[in-house]
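No experiment lies behind these values; they were computed from the predicted model shown. In each ligand, atom 1 is the first atom listed, and ligand 1 is the first ligand listed.
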Amino acid sequence: MASSTRETMTMTVGDFLLRRIREAGIGHAFGVPGDYNLELLQQMEDSGTLTWMGTCNELNASYAADGYARLNGMAALIVTNAVGALSAINGVAGSYAEHVPVICVCGSIPYKSMQRGLGMHHTMADGTWDRFINAYAQVTAAQARLTTDNAVTEIDRLIRTAWHEKLPVYMELPSDIGYLDIEVPAAPLMLAEPPSDPERLRSCCAAIVERMSQAKSPAILVDLDADRYGVAREIMGLAEKTQVPVAVAPTAKAVIDETFPHYLGLYNGKQSGPHVQEAIENSDCLLSIGYRPIDLTTGDFTGSLPASTIRVGGHSVDVGEDNYQAVTLKEVLLGVTDAVPQVTNRSTRLFAPAQAMGNHADGSAKLTQAAYWQAIQGYIRARDVLIAEDGTSYASAGLQLPPNCTFVSQVIWGSIGYSVGSLLGTLTAAPDRRHLLFVGDGSFQLTAQELSTMLRHDYKPVIFLINNSGYTIERCWLGKTSRFNDVANWAYADLPKVFRPDTTARSFVVKTVADLEKALSAPNDSLIFIESIMDPFDAPTNVIMSGNNGADIDYGPRGPQHRGNMLIRPTM
Ligand SMILES: Cc1ncc(C[n+]2csc(CCOP(=O)(O)OP(=O)(O)O)c2C)c(N)n1
Ligand SMILES: [Mg+2]
């Protein structure tokens, strides 16, 4: 029987919180237990509301939650007071930068201790309790300390804020109230965009349609909000009807199907293909969706959008002097598509699709970055989930992806080690898809333990690890031969066996093209770990260029990069 919205029921604070998280479409929670959250974890285990995904540390849990949310829409992270919360804060800040809605629940010190001023462990022992919620105020969209009185309103407010803003939120659950009964709504949480203001929507769509209909060279530029607000299909519908080319920022790779006939490619200032830069920067009607330029997505500030760009955000639009509030991204796209005249005579395919990869020369030759990416291009299948780490592994952004692939990377926040934790999250969110991780030795060392959690759950990703004896991307920036860019050499491919002695994982150490081809032919019936040995000074040209430019931006004209042989330079 459908319950009216007024009906209430009795439930504990903790059970209600878990119920609401489940109703938000989240099936798992990542984190590490601690005495201040154990009672909540016990409620989770007793009720079976969520599946617990214990991780080796909270930083990895925060990355896993981020990866999970990118595929699932939202995620939950459960940590303990201060020590857990602060370990997770880097990952949560990354979720903020990258617009990923993660609900962080921190089991905190009991109210009794706050009221009596008792010194507690996991605090500064000075009777304070506000420091960590204040720290989280810097990196989340909303925060609350739950009470039996505010739990019903605050839990819903925070979950709705995360969903609506596509940003993380933080709530503290003092450990002595989680099992107290409160009256809660019987009706489930409904997450839905409020409809746009009808007049603003009409006027906004009319203004965009007018501009588009008059334009000679309209184009669309897509950033990651298109993914977070789930409007890729609507964008492609508009592009199809108007035959308008669509480029994506590096932060939105694969959000638009790369085989879509109107797909142009990645827009990254001067580092874009010339046809992409031309189509975007000289467009007389550019529609940008959630665009947020930074150094790494503008070819180091070598590109700029036309002044007349129409800027469409999640809930507002700028067209020339006019600003439209209370218009949702999806309704704007649908409204424009509906009203805009159909176009049939614009040239449809604006660039030649990539050539099929030919056979490279000598199978016994030492593996190079060029040969590596060429071989991997042939390995990618439709529906793969690719997770790309910072470093030379980010060259995976240059792969041409077949339909329905997902590309996960932390282009803006760029915290190395992210990809390994994130992979645990993507695997958990989409267990029926194939997941490929591209990571370097240096980055892997930050979060390597999470491989054990993947093996524990019998996950079967393919892990491509480049062992180039250190931080090659940093050598392109500064310190080509400096000791600070070296790392310890691990037996990476042996780790599955270390982390799970009875593992059936297939491990390969690859030194030549032929070795790599053999590893790539292994069946995907188990975790595959491919460690590729490469030269420390071998890097894709765009990684080298980006590092060289980055050094000039970071250190200026008097910087040490100008001394001889201080950084890897392109070999022309
Ligand atoms: C948490 C964090 N610490 C430091 C950095 C700086 N950093 C960016 S890339 C990188 C090196 C990556 O090395 P590796 O993963 O081995 O990649 P490759 O050698 O293939 O370039 C470092 C140290 C960072 N981005 N994040
Ligand atoms: Mg490396």
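Of the N and O atoms on the side chains of D257 and T259, at least one donor lies less than 3.5 Å from an acceptor on the other residue. For the residue pair Q277/S272, the side-chain donor-acceptor check at 3.5 Å is not satisfied. Inspection of the S415 and Y63 side chains reveals an N or O donor paired with an N or O acceptor under 3.5 Å. No side-chain donor from either of Q271 and S546 sits under 3.5 Å from a side-chain acceptor of the other.
Annotation for ligand 1: atoms under 4.0 Å from non-hydrogen atoms of G442 are 14 (P), 15 (O), 16 (O). Less than 4.0 angstrom separates some heavy atom of S443 from each of these atoms of ligand 1: 12 (C), 14 (P), 15 (O). Each of the following atoms of ligand 1 lies closer than 4.0 Å to a heavy atom of G391: 17 (O), 21 (O). Within the listing of ligand 1, atoms 16 (O) sit less than 4.0 angstrom from a heavy atom of D441.
Checking N467 against the Mg ion (ligand 2), every N/O/S atom stays at or beyond the 2.8 Å cut-off. Using a cut-off of 2.8 Å, one finds that V487 contributes no N/O/S atom close to the Mg ion (ligand 2).
Scanning all protein heavy atoms for the shortest distance to atom 22 (C) of ligand 1 gives E474 OE2, 3.3 Å. What sits closest to atom 9 (S) of ligand 1 on the protein, heavy atoms only, is I473 CG2, 3.3 Å. Scanning the protein for heavy atoms near atom 11 (C) of ligand 1, the closest one is Y471 CD2, 3.3 Å. For atom 3 (N) of ligand 1, the closest heavy atom belonging to the protein is I416 CG1, 3.8 Å.
Distances from the Mg ion (ligand 2) to each N, O or S atom of D441 single out OD1 as the nearest.
If you take CD1 on I103 and OG1 on T140, they are separated by 12.0 Å, rounding to the nearest 0.5 Å. L305 contributes atom CG, which lies 7.0 Å from atom CD of E281 (distance to the nearest 0.5 angstrom). Summarising the geometry, atom CG belonging to N489 is positioned 7.5 Å from atom CG belonging to D441; distances are rounded to the nearest 0.5 Å. Taking CE from M171 and CD from Q143, the interatomic distance works out to 11.0 Å, rounded to the nearest 0.5 Å.
Contact annotation: for T392 versus ligand 1, heavy atoms closer than 4.0 Å belong to both the backbone and the side chain. Contacts with ligand 1 closer than 4.0 Å are made by no heavy atom of E389, backbone or side chain.
Close N/O approach between S415 and ligand 1 is not found [any backbone or side-chain N/O within under 3.5 Å]. Between N90 and ligand 1, no pair of N/O atoms sits closer than 3.5 Å. Between L446 and ligand 1, no N or O atom pair is found at a separation short of 3.5 Å. Any N or O atom pair closer than 3.5 Å counts here, and G414 shares at least one such pair with ligand 1.
Remark: at the Mg ion (ligand 2), atom OD1 from N468 and atom O from G470 enclose 90°, rounded to the nearest 10 degrees.
Not a single heavy atom of P536 sits less than 4.0 Å from an atom of ligand 1.
Cation-pi check for K518 over F508 is not met; the charged atom does not lie both under 6.0 angstrom from the ring centroid and within 45 degrees of its normal.
Ring geometry, Y492 versus F444: the interplanar angle exceeds 60°, so the pair is classed perpendicular (tilted spans 30 to 60°).
Taking the six-membered ring for Trp, F438 and W373 have ring centres closer than 6.0 Å.
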Determine whether Y418 and S443 satisfy the following criterion, side-chain hydrogen bond (donor to acceptor under 3.5 Å, both in side chains), listing intermediate values before the conclusion.
CA-CA 8 Å; Y418 163 78; S443 301; over 6 Å; no

